[in-house]
J.: 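I have a structure here, written as structure tokens, and I will follow up with some questions on it.
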Amino acid sequence: MGVGIQVTDLNAWYGANHALLGINMNIPANHVTALIGPSGCGKSTFVRCLNRMHETNATARVSGEVRIGDVDIYAEASPVEIRRRVGMVFQRPNPFPTMSIYDNVASGLRLNGFRNKGVLDEVVERSLQSSALWDEVKDDLHKKSGASLSGGQQQRLCIARALAVDPEVLLMDEPASALDPVSTAKIEDLIFQLKSQYTIVIVTHNMQQAARVAETTGFFLMGKLVEFDSTHKIFTNPTDKRTEDYITGRFG
Amino acid sequence: MVLVKIKLQEAGVAGQSGSPSRGRTRSGVDSQPEPSLVRKFLLSRGSSAFADRTFRGLMLLCAFSIFGIVALIATELVLRSQMSINKFGMAFFFRQIWDPVSGDFGALPFIYGTLASSFLALLIAVPLAIGLAIFLTEMCPRFLRSPLAFITELLAAIPSVVYGLWAIFVLVPILREHVNPVLAKTLGWTGLFSGPNFGIGMLAAGVILAIMILPIISSLTREVMTSVPHTQREAVLALGATRWEMIRMGVLRNARIGIVGSIILGLGRALGETMAVTMVIGNRPEIAKSLFAPGYSMAAVIASEFTEASDDLYLSALMEIGLALFIVTIVVNALARLLVWAVTRGTPARIN
């Protein structure tokens, strides 16, 4: 089951570049929350702060509080602990090319020392089914490598890999931006299926995508959260003029 | 080249004499505009097929010269060692006798010495080199990175005779007085570290070889590891990996073919290394279990006995040692490549 996320006064920097300015956000549990905004507005940086991936960049700094469930992830937990609870899917599919499909999905559990073969088999099948890839790959789980799949299949494999560790939160950083429309539709269906069990935060460039999959939407501009409300409200009756300009295509 | 020049001139002449009148008719009747200067120049270049063919031929020649050189070396070695081959036959490679006085020769101690010292060197150098590469690519603070990388590569540029001298004056005394006694006390029961401790011997040769091949393995490994995309590291980190787990799963696993390749290159250098080994291995044609004992390697025996080979059979036997070295190098390389193929079969190392 997913948990909610409370973000309080979050600031992030890359060297001297102040990328996020005082973000406050309350992300509801078991919902899809979309983050939209023009390139470089800080939405990717924001999701990377939610699993402490931001700090893997050598010059990165962060301040403020992020609570996932009831844990303050910067004060009360190590990055490794947090990333075991918060799964992430990246913009470009990044399966492990030297591993089979099965090993790709099992990698997160094996990494943490999980060895029970029977349970692993079950988890791999369930994860691939949840990511709608099972029927396409079930006959060559051990034969094909993760890199031999098509782009859309690779991305669904990455989703299965993230789901296999049964995360409480799933972060998706433009998961469909490198994919064709058919694969994109599959990923969106998938997000729709998954939201009853996971808290999903999805960054997207595509406003229709946000409108289709998310209950809540946040609009970022130049490192600030301009507006955060129900998707319906954002797309039909935004409070802020800048939000309106963006969603009507006047800039960005 | 000449052909192209002539064509260019023709085009120039035609352009000068014909253009005013043609220009008028074109604009008046055909209404087709005069081709631009750039277009005329490019049209005058012809098909360039000759240049392409010449280039292709030259490159092919470069490539095939490799086959020529290898074939030449092999035939020369076989011809020059004919006398020894006729006298001892295949047994030459399995005999332990090396007695120039009575003209009785066998290559086994040298083959053993070359292989043992080289694998000993790999055993020491590979973990060190990979550790160094991991530190340099994944953990090193920026200000330390280039000096460390520079010094590692500097090690590769030092002539081997300098390594040999350093080994005699620094490494051998250290081994004799500090390292060997400890090894004898703790691991003496294995039989690998026992017997008289001269300092000079198989262990010294292995250590100096390890230092010599460390930079090659390390800098190539670093190169391959750097080329692993950052997205692979992120993928592992996002699953909740520690730094070592990330390096193992996201970096080393993806770079393994390149790393094995760099180890093979290091092994190649160790097998053929002559000067430094000759200076510290002890130069005694014997096979001993203890690594403290002196030995001899194929390259070392050729280098140190070639000048004193007084009769034809002696010379021929040394040539056959050269042939043995040639064969051993090829076999070891082939085996290593086979190993890479077997390990990576079925899982392509493609990284998007």
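Every chain is numbered from 1, with letters handed out A, B, ... down the list of sequences.
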J.: Above 12 or not: heavy atoms from other molecules or residues under 6.0 Å from CZ of B/R243?
T.: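 No - once you tally the heavy atoms of other residues, nucleotides and ligands closer than 6.0 Å, there are 12 at most.
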
J.: Checking A/V89 against chain B: side chain, backbone, both or neither under 4.5 Å from a heavy atom?
T.: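 No part of A/V89 comes within 4.5 Å of chain B.
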
J.: Name the region of A/R161, side chain, backbone, both or neither, that has any atom closer than 4.5 Å to a heavy atom of chain B.
T.: both

J.: Quick one: what part of A/F90 sits under 4.5 Å from any heavy atom of chain B, side chain, backbone, both or neither?
T.: side chain

J.: When you check the gap from the basic side-chain N to the acidic O, do B/E234 and A/R48 get nearer than 4.0 Å?
T.: yes

J.: May I ask you to name which of A/L111, A/V80, A/N51 has the most heavy-atom pairs under 4.5 Å with chain B?
T.: A/L111

J.: Please report the shortest heavy-atom distance between B/A235 and A/N94, naming the atom on each side.
T.: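 Heavy atoms of B/A235 and A/N94 come nearest at CB-ND2, 3.3 Å.
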
J.: Does any part of the side chain of A/M99, heavy atoms only, come nearer than 4.5 Å to the side chain of B/R253, both counted from C-beta?
T.: yes

J.: Does some side-chain heavy atom of A/R92 sit less than 4.5 Å from a side-chain heavy atom of B/P229?
T.: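 Answer no - side chains too far apart.
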
J.: Between B/L237 and A/M53, is a side-chain contact (heavy atoms from CB on, under 4.5 Å) present by the stated rule, with each step listed?
T.: CA-CA 8 Å; B/L237 281 179; A/M53 280 301 272; 4.0 Å; yes

J.: Using a 6.0 Å cut-off, check whether atom CD of B/E223 has over 12 heavy atoms from anything other than its own residue.
T.: no

J.: With sequence neighbours left out, write down each residue that passes ring-ring contact (aromatic ring centres under 6.0 Å, His included) with B/F326, or none if nothing qualifies.
T.: none

J.: For A/N116, look at atom CG and say whether over 12 heavy atoms of other residues, nucleotides or ligands are found less than 6.0 Å away.
T.: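 Correct, the count exceeds 12.
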
J.: Supply the atom-to-atom distance A/N112 CG to B/E245 CD, rounded to the nearest 0.5 angstrom.
T.: 6.5 Å

J.: Over all heavy atoms of both residues, which pair between A/S107 and B/L239 is shortest? Give the atoms and the distance, please.
T.: OG-CD1, 3.6 Å

